[in-house]
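One structure below.
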Amino acid sequence: MSDAAMKLVVVGAAGRMGQTLIRLIHSIDGVTLHAAVERAGSPFVGKDAGEIAGLGSIGVVIGDDPLNAFLDAEGVLDFTSPAATVEFSGLAAQARIVHVIGTTGCLPDDNAKIGAAARHARIVKSGNMSLGVNLLSVLAEQAARALDPDDWDIEILEMHHKHKVDAPSGTALLFGEAAAKGRSIDLASKSVRVRDGHTGAREAGTIGFATLRGGSVIGEHSVLFAGEGEIVTLSHSAADRSIFARGAIKAALWARDKKPGLYSMLDVLGLSSS
Ligand SMILES: NC(=O)C1=CN([C@@H]2O[C@H](COP(=O)(O)OP(=O)(O)OC[C@H]3O[C@@H](n4cnc5c(N)ncnc54)[C@H](OP(=O)(O)O)[C@@H]3O)[C@@H](O)[C@H]2O)C=CC1
Ligand SMILES: O=C(O)C1=N[C@H](C(=O)O)C[C@H](O)C1
C-alpha cells in the first residue's frame, strides 16, 4: 500500500457532513483533499472549499464535474442524496476508486445499482459510520438473540434535527437489521413503521420504529427491549458530526487495498460476524 496521503474527493462539500469532512481531512495525516464537488448550479460552485467549511482558503475550489474529480483520486466520501449516490457509485466504478457511502434513505432499487457498481469500485456503505453505533448494533443483535420474542418486544426510537428528510433514520434501520438478524427474521416483513388510530394490540415478534424530528439534534437512538415488568435500553447519543466523518475516513483508508466489493462499517471495524 502507498505511504502517500490518500487523495479524497468530498461530494456534497457544502453540506453539514461535507463541511465536517473537509475540516477533519485538513486536520489529520494520511489523507488529503483532492477535490470538492457540489451539484451544477449550486451557489457554492467556484468557492474555496476551506472558506465554506470555516477554515479559510485551502486552494481547493468546489467544482461540479464529479467524473473529472474522481479520475485522478483514490476515494470519494459521499453524504448526499440517494439519487446522487447512485450516480457517484457508477462514476467511482468507472474510475476504479473507493466509494464511502454515508447517504441514507436509499431504496432497494438504489441499493441494487450500488451493488452493481461494487463489481468495480470498493464501496463501504453504512447508515452510521461511528464506532459507537456499530458496536451497539452487535450488542443489539446479541440481545435480540437472547430474549424470547414472545416475551420481549423490540422498539427503536430515534430523534434528529428538523432538516432531516428521510425516516426512519439509516441508523434506526441498521439497528432493526441487527435485531432481525439476532432473531433470524426478515426485517421488511416484521417491521411496524407507522402507528395511528385504532391499531389493535401489538403483534408479538414485530420490530417497531418511532421517529422524532426537531431543532438541531445530531442523532439520538434507542433500542428498547420491553418485557413484563422491565425494559432493557441500548442507547447512543451523537454530540458531534466528527464521529461520522472520522469513521468515513477510516473506511476509505481501510478500503484502499481491498478488492472491489460492497463492505460495511462492521467489516472496517472488525466487528463482522458473517
Ligand atoms: N452514515 C452516517 O454516518 C451519516 C449519514 N448522514 C446522511 O448523509 C446525508 C447528508 O446529510 P447532511 O450532510 O446532513 O445533508 P446536507 O443536505 O447538509 O448535505 C448534502 C449535500 O449534498 C449536496 N448534493 C445533493 N445532490 C448532489 C449532487 N448530485 N452532486 C453534488 N452534491 C449534491 C447537497 O446540495 P443541495 O443542497 O444543492 O441539494 C448538499 O450540499 C443524509 O442522507 C444523511 O442521512 C449524515 C450523517 C451521518
Ligand atoms: O441525517 C443525519 O443527520 C444523520 N443521518 C444518519 C441516519 O440516518 O441515521 C446518521 C446520523 O444519525 C445523522
Side-chain angles (χ1 to χ4, degrees), residues 9-24 35-45 47 49 52-53 62-70 76-92 99-107 110 123-134 136-137 156-177 209 211-223 235-252 264-266 268-269:
V9 180
V10 173
V11 289
R16 281 175 285 275
M17 278 304 299
Q19 292 183 43
T20 309
L21 286 160
I22 287 164
R23 286 193 292 273
L24 198 65
V37 174
E38 269 291 336
R39 71 165 84 241
S42 161
F44 298 104
V45 171
K47 302 238 166 38
I52 299 304
I62 298 178
D64 61 5
D65 181 351
L67 183 57
N68 189 44
F70 293 4
V76 51
L77 307 181
D78 176 1
F79 293 72
T80 57
S81 67
T85 290
V86 167
E87 182 197 340
F88 295 143
S89 69
L91 300 179
H99 186 190
V100 177
I101 302 177
T103 306
T104 57
C106 292
L107 297 174
D110 301 321
I123 298 183
V124 181
K125 183 173 187 289
S126 177
N128 195 303
M129 296 283 170
S130 77
L131 171 61
V133 158
N134 283 281
L136 205 63
S137 76
I156 300 173
L157 174 66
E158 56 111 336
M159 181 163 187
H160 284 86
H161 54 93
K162 63 187 173 190
H163 304 290
K164 186 163 178 62
V165 294
D166 56 307
S169 68
T171 312
L173 293 170
L174 183 157
F175 283 137
E177 290 291 355
F209 290 84
T211 299
L212 307 178
R213 292 285 176 267
S216 59
V217 176
I218 291 176
E220 297 287 320
H221 291 91
S222 296
V223 184
S235 68
H236 182 268
S237 286
D240 193 301
R241 287 188 175 84
S242 62
I243 62 171
F244 313 128
R246 210 173 301 123
I249 292 169
K250 190 181 183 79
S264 73
M265 272 315 276
L266 292 179
V268 174
L269 297 168

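Each ligand, and each atom within it, is numbered from 1 in the order the structure gives. Throughout, numbering of the chain's residues begins at 1 and tracks the sequence.
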Considering only the protein, which heavy-atom contact is closest to atom 12 (O) of ligand 2, and what is its distance? His160 NE2, 2.6 Å
Out of Gly41, Gly102, Pro82, Ala251, the nearest non-hydrogen contact to atom 7 (C) of ligand 1 is supplied by Gly102
Leu174 and ligand 2 - part of the residue with a heavy-atom distance under 4.0 Å: neither
Check each atom of ligand 2 against the heavy atoms of Ser169 and keep those under 4.0 Å away; list them by number with element. 7 (C), 8 (O), 9 (O)
Report, in ascending order of atom number, the atoms of ligand 1 lying under 4.0 Å from any heavy atom of Asn128. 1 (N), 2 (C), 3 (O)
For ligand 2, does His161 get within less than 4.0 Å through its side chain, its backbone, both, or neither, judged by non-hydrogen atoms? side chain
By number and element, which atoms of ligand 1 are closer than 4.0 Å to a non-hydrogen atom of Ser126? 1 (N)
For atom 6 (C) of ligand 2, grab the closest protein heavy atom and report residue, atom and distance to one decimal in Å. Gly127 O, 3.6 Å
Heavy-atom contacts under 4.0 Å between His163 and ligand 1: side chain, backbone, both, or neither? neither
Can an N or O of Thr171 be found at a distance shorter than 3.5 Å from an N or O of ligand 2? yes
For atom 5 (N) of ligand 2, what's the nearest protein heavy atom and its distance? Lys164 NZ, 3.2 Å
Hey, which atoms in ligand 2 end up nearer than 4.0 Å to a heavy atom of His221? 12 (O)
Tell me whether Gly170 has any N or O atom under 3.5 angstrom from an N or O of ligand 2. yes
Would you mind telling me if ligand 2 is within reach of the side chain of Arg16, the backbone, both or neither, using heavy atoms under 4.0 Å? neither
I want to know if ligand 1 touches Thr103 in the polar sense, i.e. an N/O pair below 3.5 angstrom. no
Hey, is His163 one of the residues with a heavy atom under 4.0 angstrom from ligand 2? no
